[in-house]
Every structure is written in C-alpha cells, then in structure tokens.
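Read through the structure below, which is laid out as structure tokens, and then see the notes.
Nothing here was measured: the structure is a model prediction, and the numbers come from that model. Convention: sequence-line order gives letters A, B, ...; per-chain numbering from 1.
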Number of protein chains: 2
Amino acid sequence: MSPELESCIMHFGEMGSRWGFNRTVGQMFALIVFSEDPLNADQIAATLGISRGNVSMGIKELQSWNLIRTQSVLGDRKDYFKPNGSIWDLGMQVMVERRKREMDPTLSLLRGQLMSHNNSDTNEYALNQMQQIHNLLEMFGSWFDDVQRMKPEQLKTLLKLGSGVGKVLELKDRLTK
Amino acid sequence: MSPELESCIMHFGEMGSRWGFNRTVGQMFALIVFSEDPLNADQIAATLGISRGNVSMGIKELQSWNLIRTQSVLGDRKDYFKPNGSIWDLGMQVMVERRKREMDPTLSLLRGQLMSHNNSDTNEYALNQMQQIHNLLEMFGSWFDDVQRMKPEQLKTLLKLGSGVGKVLELKDRLTK
DNA sequence: TTGAATTTTCAGAAATTATTGAAAATAATA
DNA sequence: TATTATTTTCAATAATTTCTGAAAATTCAA
C-alpha cells in the first residue's frame, strides 16, 4: 500500500471519533472505501493490524450506519465488504444517521417536556429557551427531510448555487407578488 | 430547580459527547443556556456537583467554541457567564465549529495528497475516491460559507421552504432560458 | 508592595471506552 | 450427522478520557 493511502487511512482513524465512531471503525471504513475490490474480515484485520473480534464489531457498527454491505465472492464462503454506494451516497448516509443520533433524541425529549402540563413550576425563561431549541431542531429536521428527497443532481445544483439561492428567492417574490 | 429542567440538563450532558464535547461540558452549557441570569464558576460547580477545576476547564472549552461569554456583575470580582447570543446564534456557532473540527482537517489532508506529484504508485481507484471526497467536502464547505453570510431571516425562509426551493429553481431556469 | 479573592493548571485517581483472544455460536459441506 | 470454516460474543485487560483537588498563578484592592 502506498504511504499516501496509508496516511489517509490513519487520518480517517483519527477523525473517527469526531464523526461518531471509534478509531478502528474509522480506519476500517477508509480501507473499504479506498479498496477497489471487496475485502473480507481477515484481510481487514491483517491490513490494519487489529484483532478479528474487533473487526467483527466494527463491521456491525458500519452496517448499523448503512455505510457498507456484503458481496459474496464465487467459491469463497467468507463475507466480503464494500461501500454502500458512491461517495455522495455515503456522505448523505452519514448525515442521515447523525441526525438520528444527535438531533432526534433531543427533539423528542424537548417535545415531551413542552407538552407536559405540569410545567407550572418550571421557570418561564428556561421553558422559552427549550421552545426555541425545539423549534430550531424541528425546522432544521424537516428541511433536511425535504432536501433529502431531492434528486442528487438538483441538490448538487443547489449546493453550488450557495447564497445565490437568496437572489432567486427575491426574484420569485417579485414575480409572484 | 424543577425536575423538568434538571432532566433537560442531564440529557444535554448525555448528548454532549455526540456533539463534540464531554458530559460535564454539555451539562454546563445547558445550565448556562437555561439560566436567565449569568452564572459564576462556583454556582456552576455547586449546581452540577462537580469540581471547581472541572468547571474552569469546561469554561475554556465552551469559550473555544464561542458558545459563552463573560459578563461582569457590579461589585463582584467573579466572572459571570452567559450564552453568546440567541439559540439561533448558538446553533449556527456549533455548525461553524464542527465544520472546522470535522471537515477542515480532512479537506486539507486530501488537498495535500492530491496535489503531491509523487502519486504515481498510489492506485488509481483510491486516488479517485479521494478526489470524490475532496470535491464533496469542498462543495459542502463553500455552500456553508455562502449560506452563513445570508441574513438570518432569509435563511429561515429558505429552511422553511425545504425542497420547495427545487420548484423555484425550475421556475428560474424556465425564465432565464 | 501585601494580601485576599479568584482562576488556572496539572499530577494522580476514577471512570469510561476500546481491544484482544479464546470460547461459543452459526453456517456450510460432505 | 459429523466435520470444518467462519463469525460472533464477551470477560478480561489495555488504552484513553475525564475528573478531582491542592498548589501555583493571576488579578485586584488597599
């Protein structure tokens, strides 16, 4: 393996914890993404120098994120793993899962708190802040749901347009008034 | 403190690590956000039942995220802390910082790898995947830069519009062709 | 200056998380 | 069915992260 590739894989390991998984899971993901052919668990363990059991757990984790899938290889009983789609697909998938893990639990807690009718003794200010956070998460969440349903090509156009979209909105406002 | 507020603060503690900081930093942030009046370090330590040193480190962390700021209280030498803006501002700030910590390092590593001219021995496929990741991060990053410069009101409009923006884009396409 | 109030630092302890590797479970083959 | 290949599990251990609290540093007032 080239030193460039190796340092890339190590980097993904270091970043792993910031992206929501641990070092070896990050490395495993990078290795699978940068390998043209599907890899089996033994290959992953040998390449990264980690135990077979660790690989097994890492695979489970990556599958729970919908980032990898198996592919059977003719005449081999082992499971082979490859990325679950293009880089674009994987990026989207990471966002979907992070939203689930980082926003949904808080949104549902806040919804519960704000719904509950025995809030008479909770101070007004805190309650209002909770409402604000709830609204922000809800707005962002439903925006993401919406946007996710767009066709990748259209979404890419939108991304590239950036704040230019503000101009288009103004244009629309003028036209529809 | 009401039990509702308390469980909210505990929840923010549990979520802390998913948002990029540790449990007590998460709790401290929640406590500050839900308190109408600024709090000093001793109050924070006492309320959360953690050591003074831990609070000092947590404050440093929250300041490095630009999430809190000091406010001096007349006739008191202690530092008092309050959120650095509205919930909207704080949400934005979290995104800004996470982008810095989660995307920028990878973007610059990849840029370096792809620029380097001794890639002759790095396999084509891996190099191409790196390019794809680089492009995705770059596109997303500059979109975020752009969008961040928009006025909050306009940005909120855009968020609420969701995929409706796709329709507007089509409209624009028809008009400008 | 001095000294009291306050904040920061950081070595060691505690808590948490990650990893190993051998045993158990599962799956495929003969 | 028995045998072999493969994967998973999980108790023990290792590594890492977080937290404490006392000492050092800083700040401010007299």
_Euclidean distance, atom CG of residue Leu48(A) to atom P of dT19(C) [Å, nearest integer]_ = 11 Å

*To the nearest Å, give me how far apart CG (Asp42(A)) and P (dG21(C)) are.*
14 Å

*Find the distance Leu62(A):CG to dT8(D):C1' and express it as a whole number of Å.*
16 Å

_Distance-only donor-acceptor check, side chains Gln93(A) and Asp89(A), under 3.5 Å_ = no

*Does the side chain of Lys78(A) get closer than 4.0 angstrom to OP1 or OP2 of dA28(C) through an N or O atom?*
no

*How is Asp79(A) classified with respect to the nucleic acid when contacts are heavy atoms under 4.0 Å: base, sugar-phosphate, or nothing?*
sugar-phosphate

*Within 45 degrees of the axis of the six-membered ring of Trp65(A) and under 6.0 Å from its centre: does Arg101(A) put its NZ or CZ there?*
yes

*Are Trp19(A) and Phe12(A) close enough that their ring centres sit under 6.0 Å apart?*
yes

*Taking atom types as modelled, is there a side-chain donor on Glu124(B) or Asn128(B) under 3.5 Å from an acceptor on the other?*
no

*Just by protein heavy atoms under 4.0 Å, how would nucleotides 13-30 of chain D read 5' to 3' in B, S and -?*
-----SSBB-----BB--

*Begin from the C-alpha positions of Lys100(A) and Glu97(A) and carry the test salt bridge (Lys or Arg N to Asp or Glu O under 4.0 Å) through to its verdict.*
CA-CA 5 Å; Lys100(A) 254 194 240 167; Glu97(A) 292 295 325; 3.1 Å; yes

*Using distance alone, with no hydrogens and no angle criterion, decide if Asp145(A) and Ser142(A) have a side-chain donor and acceptor under 3.5 Å apart.*
no

